[in-house]
Engineer: 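Can you read through this structure? Questions will come right after.
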Amino acid sequence: MSLELKNVTKRVGVDVYIHETSLRLEEGSFNILLGTTLAGKTTLMQLMAGLDRPSSGEVWFAGRNVTGVPVQKRNVSMVYQQFINYPNFSVYENIASPLRVAGMAQQEIDERVQKAADLLRLTPMLKRRPNELSGGQQQRTAIARALVKDFDLILLDEPLANLDYKLREELRDELPKLFAGRKCIVVYATTEPSEALLFGGNTATLFEGRVTQFGPTSGIYRRPRDLTSARVFSDPPINTARIAKKGDRITLENSVTWHVPKAAGVPDGDYTIGIRPHHITPVSQGRDASVIEGRVLVTELSGSESVIHFDMNGQTWVSQSHGIHPFEVGSTARLYVDVDQSFFFDGDNRLIGQDNRI
Amino acid sequence: MNKTVNQKAWFFVLPVFLLVAFNALIPLMTVVNFSVQETFGDNVFFWAGVRWFEEVLHSERFHAALVRQLLFTGIILLIEIPLGLAIALSMPRKGPWVSVCLVLMALPLLIPWNVVGAMWNIFALPDIGLLGRSINALGIEYNYTRQIFSAWFTMVLMDVWHWTSLVVLLCYAGLVSIPDAYYQAAKVDGARPWAVFRYIQLPKLKYVLTIAILLRFMDSFMIYTEAVVLTGGGPGNATTFLSIDLQKIALGQFDLGPAGAMSIIYFLIILFLSWLFYTLMMKDEAR
């Protein structure tokens, strides 16, 4: 039982929402669609669900072509960013609604609803109406509805985006456990790279209607295929610069030169270097540390972390580090770069094949 | 906790108080004043107690006007609310036709009330009016200046024409504010159009419908201008609603005492019925 998109596209008028995409999602897998707003996550989900027909290409499920099959015949459920429940049904009836539509016997409905409610800690609220619940409980109800029946495909479209921080953390911890051991295919859309890393599973990075890369989440984070995937999968944004490499040295545009012995295997030439913000820190990592200096534009200090935005030859670079490093705005910061952890992208913005990752 | 007491705060309330006093409280008190006194002119008043109230409440004329008023309001609510909802549901949600529909719907609301009355007065005339002549041409005897049924028919039709738009616009605003995700969720569940209406749209429109019913109730209960211009309360007293009757007593007969008492009773009836409607429609929320 797998879901397969074969050369699927979606066009509306002259706008291309989804460029030709092929994806194969396996039974029991947790799949993340990662991309900014308007990257095409929701459209892709609608194509998977059958809420929308692809402009071209086919959707296959369990070895069957389901391209034209409407959503209600597909055993699919969906959870949205907004908390969608039937307003005048109790929590119990809301959770039971898919089972009622399926014409299940009352006793079994009872058992299943109780089980789903237990799992999502909704048992004390079963008699309430959605508008008497907190946002977190409303979303739990919606998730319970998606779990109560053995759906083949469960789509979660940024389900935690409208929740406040604390509830988001809570549900984020619970979600993977809820789906563990189920046969269904789960697709989870998010804009946050950190969420994708927490959930693990597989990730598809989306950019402007294209799936730029698909595979195990940590693999994509460690080895983005190209600059676009690296950008999508980095928050704060990944720092980039044009460099010239010669021998074991690289020279940046502002003629700073770093010593990169590990890049020795890369042929000499011009590249774009990509450095994740947490590989630029105010504390020297010893060894043959590479230094960069820049005028501080903004410092964001949270309790345990400092994010420093600084000017690097006309571009804004970001450093992210543990501890409090209160740089004055306008002062010149001296920062240390872990160049060994950086990515090299060639003229076509493809990652150069050296395995220098952790 | 220590509360700061600052008497100067009263100055902030003062402008509102003065304004309300000037445009509501003082005129209302004048009416109260009339309602408990007797006068023979020359600005000389005698105390009359609750006599006028008793008189009005026992008067058959008042009862008849009240029954007519309730009947009229009942009929137009039964027509305008479902009709308005149905029109709103069938209006397009997106595209160039939205603004066309909205403008068409808003049109009747932009016409001055006495003009609406005058329009329908002429439109429904049996000899020269388009509507009147057409109905008669169909072989149905129709003359709203002579037949009670014709007069009521015309009155109700005019009100429906004039005010259904308000219900439509309110419902439409309510409908477009329902997120698309609800409809998608319904589609995923395999809900039929009736279920979508019953379990999503109707519950989501509850507040808007409450407002629409309240507004239409209050307005139709106080209908005056259009009715006076169309029929003047006739034929006979067949369309003499409360406000028309009140006007006849107050300015036609210049019986200020009974008119004052009737005004207050009228006001209290509206207040009570509005409260009743609101409480009944909101009773589920109170839990």
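All values below were derived from every heavy atom in this structure, side-chain atoms included, with hydrogens, water molecules and symmetry-related copies excluded. This structure is a prediction, so every number in the text was calculated from the model and none was measured.
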Engineer: What I'd like to find out is whether the side chain of B/Arg198 reaches to under 4.5 Å of the side chain of A/Asn88, using heavy atoms alone.
Structural biologist: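 Of all side-chain heavy-atom pairs linking A/Asn88 with B/Arg198, at least one is under 4.5 Å.
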Engineer: How about CZ on A/Arg172, more than 12 heavy atoms from neighbouring residues, nucleotides or ligands closer than 6.0 Å, or not?
Structural biologist: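 Above 12, so yes.
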Engineer: Is the number of heavy atoms from other residues, nucleotides or ligands within 6.0 Å of CZ (A/Arg53) greater than 12?
Structural biologist: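 Counting neighbours around CZ of A/Arg53, 12 or fewer heavy atoms of other residues, nucleotides or ligands fall under 6.0 Å, so no.
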Engineer: Just checking A/Glu93: does its CD atom have more than 12 heavy atoms from other residues, nucleotides or ligands closer to it than 6.0 angstrom?
Structural biologist: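 For A/Glu93, atom CD is crowded (more than 12 foreign heavy atoms under 6.0 Å).
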Engineer: Is it the side chain or the backbone of A/Gln81 that comes within 4.5 Å of chain B heavy atoms, both, or neither?
Structural biologist: neither
Engineer: In terms of heavy-atom pairs under 4.5 Å, which option from B/Ala185, B/Pro203, B/Ala181, B/Gly190 contacts chain A the most?
Structural biologist: B/Ala181
Engineer: Does B/Tyr278 OH have over 12 foreign heavy atoms under 6.0 Å away?
Structural biologist: no
Engineer: CD1 of A/Ile84 to OH of B/Tyr183: how many Å apart, nearest 0.5 Å?
Structural biologist: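 Between A/Ile84 CD1 and B/Tyr183 OH, I get 10.5 Å after rounding to 0.5 Å.
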Engineer: What distance do A/Lys149 atom NZ and B/Asp189 atom CG have between them, rounded to the nearest 0.5 Å?
Structural biologist: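 Atom-to-atom, A/Lys149:NZ and B/Asp189:CG are 9.0 Å apart.
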Engineer: Would you indicate whether A/Gln107, at its atom CD, is surrounded by more than 12 heavy atoms from other residues, nucleotides or ligands within a distance under 6.0 Å?
Structural biologist: no
Engineer: Taking atom CZ as the centre, does B/Phe153 end up with more than 12 heavy-atom neighbours from other residues, nucleotides or ligands that are less than 6.0 angstrom away?
Structural biologist: no
Engineer: For B/Gln184 and A/Leu51, work out which heavy atoms get closest and say how close.
Structural biologist: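 Closest pair (atom of B/Gln184, atom of A/Leu51, distance): OE1-CD1, 3.4 Å.
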Engineer: Name the region of A/Asp157, side chain, backbone, both or neither, that has any atom closer than 4.5 Å to a heavy atom of chain B.
Structural biologist: neither
Engineer: Which region of A/Phe83, side chain (C-beta onward) or backbone (N, CA, C, O), has a non-hydrogen atom less than 4.5 Å from a non-hydrogen atom of chain B, or is it both or neither?
Structural biologist: backbone
Engineer: In terms of heavy-atom contacts, does CG of A/Leu38 have more than 12 from other residues, nucleotides or ligands at under 6.0 Å?
Structural biologist: no
Engineer: Only pairs of heavy atoms separated by less than 4.5 Å count here; which of A/Pro70, A/Pro87, A/Gly50 has the most with chain B?
Structural biologist: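 Ranked by contacts with chain B, first place is A/Pro87.
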Engineer: Can you tell me how far apart CG (B/Asp180) and CD (A/Gln82) are? Round to the nearest 0.5 Å.
Structural biologist: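 Between atom CG of B/Asp180 and atom CD of A/Gln82 there are 9.0 Å.
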